Asks: 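This is the structure I have questions about; it appears just below.
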Amino acid sequence: MSAPGYENVVLVGFMGSGKSSVGRLIARTLKGSFVDTDRLVVDQTGREIPEIFAAEGESFFRREESRALRSLVGRSGLVVATGGGIVTVAENVPVLKKLGLVVWLKASEEVIWERVSRTRKRPLLQTENPRETMRALLVKRNRFYEGVAEMEIDTTLMTHAEVAERICGAMRKAEF
Ligand code: S3P
């Protein structure tokens, strides 16, 4: 895991796109360290994500998320799973790119809904009509993911293991 290639793998994509599950698999295969920006925010603040949104609001969460992301600059051998909204903050974009190979995990609206509707842990989807909220967010966010990612994978019909293997292949070629 060194110099000529990418220092890290950075996974971006909508909630439920499999960033954490795929990220853990990649880290195991490439013998890197798995990091999750949501987890870093929880550690930094000592509070769970829904609690942060409820008590402090989204903009506070975004500031903590940007701080967590910046704290990774200079590190290598990481597989970073990011929160689905990290790409919407302009200052995060150059940081994401600087960290390493940015991969966008895409999935169909149906598959994403199937995954996110299983839990209530996503504050942004606790609305009267979460399906519609999700759809609107997806439409808004896609251009951000597209703008930052160097590689994109449509995971709709793939297992997490297959997605991880595709990324590991790209990283091996880049001498991660
Ligand atoms: C968010 C996604 C969540 C978490 C927070 C906000 C978003 O992470 O960061 O609830 O804005 O899309 P996951 O993408 O891991 O669910």
Side-chain angles (χ1 to χ4, degrees), residues 8-27 33-72 78-93 95-96 99-149 151-156 158 160 163-164 167:
N8 306 288
V9 183
V10 182
L11 303 177
V12 299
F14 204 74
M15 302 172 239
S17 60
K19 294 162 292 185
S20 299
S21 307
V22 168
R24 282 199 186 86
L25 291 174
I26 299 172
S33 306
F34 175 73
V35 179
D36 185 327
T37 58
D38 281 348
R39 184 76 242 161
L40 294 177
V41 169
V42 170
D43 292 346
Q44 260 168 213
T45 58
R47 295 157 114 175
E48 294 299 323
I49 308 282
E51 196 188 329
I52 298 173
F53 271 77
E56 310 287 351
E58 182 174 353
S59 55
F60 176 87
F61 172 78
R62 295 292 166 214
R63 283 197 298 279
E64 289 297 322
E65 187 179 47
S66 297
R67 187 152 78 89
L69 183 67
R70 280 196 307 273
S71 76
L72 301 176
L78 303 180
V79 181
V80 185
T82 59
I86 206 164
V87 294
T88 62
V89 175
E91 68 172 75
N92 293 340
V93 172
V95 184
L96 290 162
L99 278 173
L101 176 67
V102 182
V103 184
W104 174 20
L105 302 188
K106 295 161 94 165
S108 70
E109 195 183 315
E110 289 69 29
V111 165
I112 290 181
W113 175 247
E114 206 269 307
R115 294 180 187 157
V116 299
S117 56
R118 276 188 229 141
T119 78
R120 290 177 52 86
K121 66 178 189 189
R122 268 96 175 192
L124 290 179
L125 299 179
Q126 305 315 306
T127 61
E128 291 231 322
N129 186 346
R131 181 81 164 85
E132 185 48 36
T133 306
M134 185 199 84
R135 209 191 59 75
L137 262 184
L138 259 174
V139 169
K140 247 205 268 176
R141 295 238 176 116
N142 280 345
R143 67 187 171 89
F144 291 106
Y145 299 127
E146 196 166 12
V148 71
M151 178 178 176
E152 54 184 73
I153 302 179
D154 187 341
T155 69
T156 306
M158 295 170 78
H160 288 336
V163 178
I167 297 169

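Every value quoted in this text rests on a predicted model; they were computed, and no experiment measured them. Every number for a ligand or one of its atoms is a count from 1 in the order of the listing.
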Asks: Side-chain atoms of residues 79-90: list all donor-acceptor pairs with protein atoms under 3.5 Å, sequence neighbours left out, distances to 0.1 Å.
Replies:
unit_1 : atom_1 : unit_2 : atom_2 : d
Thr82  : OG1    : Leu11  : O      : 2.7
Thr88  : OG1    : Gly85  : O      : 2.6

Asks: If the threshold is 4.0 Å, N to carboxylate O, is there a salt bridge linking Glu48 and Lys121?
Replies: no
Asks: Tabulate distances under 3.5 Å between N/O atoms of ligand 1 and N/O atoms of the protein, writing both atom names on each line.
Replies:
unit_1   : atom_1 : unit_2 : atom_2 : d
ligand 1 : 8 (O)  : Asp38  : OD2    : 2.9
ligand 1 : 9 (O)  : Asp38  : OD1    : 2.7
ligand 1 : 9 (O)  : Asp38  : OD2    : 3.3
ligand 1 : 11 (O) : Arg62  : NH2    : 2.6
ligand 1 : 11 (O) : Gly85  : N      : 3.4
ligand 1 : 11 (O) : Arg141 : NH2    : 2.9
ligand 1 : 12 (O) : Gly85  : N      : 3.3
ligand 1 : 12 (O) : Arg141 : NH1    : 2.8
ligand 1 : 14 (O) : Lys19  : NZ     : 2.6
ligand 1 : 14 (O) : Gly84  : N      : 2.8
ligand 1 : 15 (O) : Asp38  : OD2    : 3.4
ligand 1 : 16 (O) : Arg122 : NE     : 2.9
ligand 1 : 16 (O) : Arg122 : NH2    : 3.2

Asks: Compile the donor-acceptor pairs under 3.5 Å between side chains in residues 101-112 and protein atoms, sequence neighbours left out, one pair per line.
Replies:
unit_1 : atom_1 : unit_2 : atom_2 : d
Lys106 : NZ     : Glu152 : OE2    : 2.7
Ser108 : OG     : Val111 : N      : 3.2
Glu109 : OE2    : Arg131 : NH1    : 2.6

Asks: As a test of understanding, state which of Arg39, Glu65, Glu64 forms a side chain to side chain donor-acceptor pair (under 3.5 Å) with Gln44.
Replies: Glu64
Asks: For a quick test of reading the model, state the closest non-hydrogen atom pair linking Arg141 to Phe14 and the distance between them.
Replies: NH1-CE1, 3.9 Å
Asks: What pairs with Arg47 under salt bridge (Lys or Arg N to Asp or Glu O under 4.0 Å), at least two apart in sequence or on another chain?
Replies: Glu51, Glu56
